[in-house]
S.K.: 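For reference, the structure I am asking about is given below.
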Number of protein chains: 2
Amino acid sequence: MKSYPSPISVTVDAVIFTISDGTLKVLLVSRDEAPFKNKWSLPGGFIHSKETSLQAIKRILKAKAGIANIFTEQLYTFDDSNRDPRGHVITISYFAFVREDQIKFNKAKHPQSPTFFSVQKLPPMAFDHAKIVKYAIKRLQAKLEYTNIVYALLPKTFPFSQLQNIYEEVWNRKLDKRNFRKKFMSLKLIKPTRGLLEGSRQRPARLFQFINPNQQELKKFF
Amino acid sequence: MKSYPSPISVTVDAVIFTISDGTLKVLLVSRDEAPFKNKWSLPGGFIHSKETSLQAIKRILKAKAGIANIFTEQLYTFDDSNRDPRGHVITISYFAFVREDQIKFNKAKHPQSPTFFSVQKLPPMAFDHAKIVKYAIKRLQAKLEYTNIVYALLPKTFPFSQLQNIYEEVWNRKLDKRNFRKKFMSLKLIKPTRGLLEGSRQRPARLFQFINPNQQELKKFF
DNA sequence: CCAAAAGTGTTGACTGTACACCCATGT
DNA sequence: ACATGGGTGTACAGTCAACACTTTTGG
């Protein structure tokens, strides 16, 4: 048996999306070592020798931001020769979603200051992470159109306007209320509950929920 | 600066499609070393330390099958822990297209017997390559729908039926002649030439060509 | 003249889009 | 009473799917 030629360093990076304050945001952490020390970057790190890239992502997200049990999907493997000043380092990138209520950051446990940035106002980032985020947004926009991933961004019950807002934020354009409701309802993914959204100073909105309560996997609409 | 932890062996594999004898085929080579010696596998190999995965694919395809200058696109990175008996080996897979007339295999130059197999009659394959091929076919089916990649599978001029045949083969279903022609023509990608297809014993077919003669990149239809 | 593939239009169903007003509540 | 977002229906245009016959050539 031949020896294994040319070992290469392999990292993983995650583009974690959330919707908070009604806008689409991405999770960044402050790098605690060179290169790019103190620059914002996607949460990521080297793959350990006995784990898969998916296991590595889950380990790193838990350690750096206390995030667990979220939907993740492979995005792309970036290996441009100039992407890392340390040499030949490739990264397998993932994208994922969290709901606001799943997050609790903590200065002591998460010293790299995990912070959600609006995709409209991203800071300068380490490596080629700006490119990776851009690519992830494109993928997210496409997936929203033909799958039910929006599920991963919504709480158990939600008013219809919150659902529509996600589509508007991700696609970055306004949608017609009536047409959107008609189309989404025809997909038979959600149903009204008996609940109403209290506490606004307008007419209370009907709350909806997904019909399949443990709808974990991704389904195609068509 | 920290040392680079956990080097991992990284390979590339290519799923090369062609249409020949009117059917969709995939290129396989016979492995010339362990593991899986003499089994059919996707053409691939280890990435050298100074090259990107794309460069590696191009180098390997040229060496193993004499194929150069073809359209390639990254497919997925497979890294299941059990995919390679040698240990932790991940593979960045690519898919690509050749036209029949671009190929000339040669026993002396290409000792691994590169051979196109119909996707309907694939032999047992090494590693997880059957899974990779299956994934590539799905991607190809999707891409055919909303991009102009069919370009990469057609000669300079071609009868309309050859174009339709590609769609039928890849999607594995029959399409209505009239509807297909109407729809494809409305995309304004091809135009009729003055040429006719001679040599059949039926009515000669009009030959078409793509309007942009150097249409290398992938364009979306919509 | 026969076999074989080439070529051509119309209709009905469905889907997407544009568009404006009343409703229920809190202040 | 008013400000605010919640909630609803119709009409037109464009797209998709079903469907059958004539044309041109070689043998």
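Each chain gets a letter, A, B and so on, in the order the sequences are listed, and its residues count up from 1.
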S.K.: A:Ser161 side chain N/O closer than 4.0 Å to the phosphate oxygens (OP1, OP2) of D:dG6?
M.R.: yes
S.K.: If the condition is side chain to side chain contact (heavy atoms under 4.5 Å, CB included), which residues does B:Ala65 pass it with, not counting sequence neighbours?
M.R.: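 Testing B:Ala65 for side chain to side chain contact (heavy atoms under 4.5 Å, CB included), a comparison that skips the adjacent residues, returns B:Leu27, B:Ile67, B:Phe105, B:Pro114.
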S.K.: State which residues pass salt bridge (charged side-chain N to carboxylate O under 4.0 Å, His left out) with B:Arg203; sequence neighbours excluded, sorted by chain then number.
M.R.: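 Partners of B:Arg203 by the salt bridge (charged side-chain N to carboxylate O under 4.0 Å, His left out) criterion come out as none, since no residue qualifies.
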S.K.: What are the two closest heavy atoms between B:Trp171 and B:Gln141, and how far apart are they?
M.R.: NE1-O, 3.1 Å
S.K.: Assign each of A:Leu196 and B:Leu196 to its nearest nucleotide of DNA chain D by heavy atoms, then name whichever residue's nucleotide is nearer the 5' end.
M.R.: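 Looking at DNA chain D, the more 5' nearest nucleotide goes with A:Leu196.
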S.K.: Quick check on DNA chain D: between A:Gln202 and A:Arg181, whose nearest nucleotide comes earlier from the 5' end?
M.R.: A:Gln202
S.K.: Under the rule for side chain to side chain contact (heavy atoms under 4.5 Å, CB included), what residues qualify as partners of B:Arg178, not counting sequence neighbours?
M.R.: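 Side chain to side chain contact (heavy atoms under 4.5 Å, CB included) check on B:Arg178 returns B:Asp176.
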S.K.: Name all residues meeting the salt bridge (charged side-chain N to carboxylate O under 4.0 Å, His left out) criterion together with A:Glu100; count only those two or more places apart in sequence or in a different chain, and write none if there are none.
M.R.: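 Salt bridge (charged side-chain N to carboxylate O under 4.0 Å, His left out) check on A:Glu100 returns nothing, list empty.
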S.K.: Nearest whole Å is fine: how far is C:dT15 P from A:Phe184 CZ?
M.R.: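 So the two atoms are 17 Å apart, to the nearest Å.
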S.K.: Quick one: B:Glu198 CD to C:dA6 P, roughly how many Å, whole number?
M.R.: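 Between P of C:dA6 and CD of B:Glu198: 14 Å.
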S.K.: Among B:Phe78, B:Phe36, B:Trp40, find the residue that satisfies the ring-ring contact (aromatic ring centres under 6.0 Å, His included) test when tested with B:Phe127.
M.R.: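 Passing option: B:Phe36.
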S.K.: Just how far, in rounded Å, is P of C:dT27 from CZ of A:Arg203?
M.R.: 18 Å
S.K.: Would you indicate which nucleotide in C:dG7, C:dG26, C:dG16 comes nearest to any side-chain atom of B:Arg206?
M.R.: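 Within the option list, the nearest is C:dG7.
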S.K.: Look at the side chain of B:Phe160 and decide which nucleotide, out of C:dG7, D:dT25, D:dG6, has an atom nearest to it.
M.R.: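 Looking only at heavy atoms from C-beta outward on B:Phe160, the closest nucleotide is C:dG7.
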S.K.: C:dA6 P sits how many Å from B:Phe208 CZ, rounded?
M.R.: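 Value for this atom pair: 11 Å.
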S.K.: Rounding to a whole Å, what distance do you find between B:Leu207:CG and C:dA6:P?
M.R.: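 Spelled out: CG on B:Leu207 to P on C:dA6 is 11 Å.
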S.K.: Could you work out, with salt bridge (charged side-chain N to carboxylate O under 4.0 Å, His left out) as the rule, every residue matching B:Lys58, not counting sequence neighbours?
M.R.: none
S.K.: How long is the line joining CG of A:Leu163 and P of D:dG7, in whole Å?
M.R.: 12 Å
S.K.: Using the salt bridge (charged side-chain N to carboxylate O under 4.0 Å, His left out) criterion, which residues pair with B:Lys131? Sequence neighbours excluded.
M.R.: B:Asp80
S.K.: Show me the donor-acceptor pairs within less than 3.5 Å that the side chains of residues 184-198 of chain A make with the rest of the protein, sequence neighbours left out.
M.R.:
{"residue": "A:Ser186", "atom": "OG", "partner": "A:Lys183", "partner atom": "O", "Å": "2.6"}
{"residue": "A:Thr193", "atom": "OG1", "partner": "A:Gly195", "partner atom": "N", "Å": "3.0"}
{"residue": "A:Thr193", "atom": "OG1", "partner": "A:Leu207", "partner atom": "O", "Å": "2.9"}

S.K.: Over how many whole Å does the gap from B:Gln162 atom CD to C:dA6 atom C1' extend?
M.R.: 15 Å
S.K.: Rounded to whole angstrom units, what separation is found between the NZ atom of A:Lys177 and the P atom of D:dT4?
M.R.: 14 Å
S.K.: Bend angle of the helix from C:dC1-D:dG27 to C:dT27-D:dA1 from five-pair axes at both ends, rounded to 10°?
M.R.: 0°
S.K.: Please enumerate all protein N or O atoms sitting under 3.5 Å from an N or O of nucleotides 9-14 of chain D, with distances to 0.1 Å.
M.R.:
{"residue": "D:dT10", "atom": "O4", "partner": "A:Lys182", "partner atom": "NZ", "Å": "3.0"}

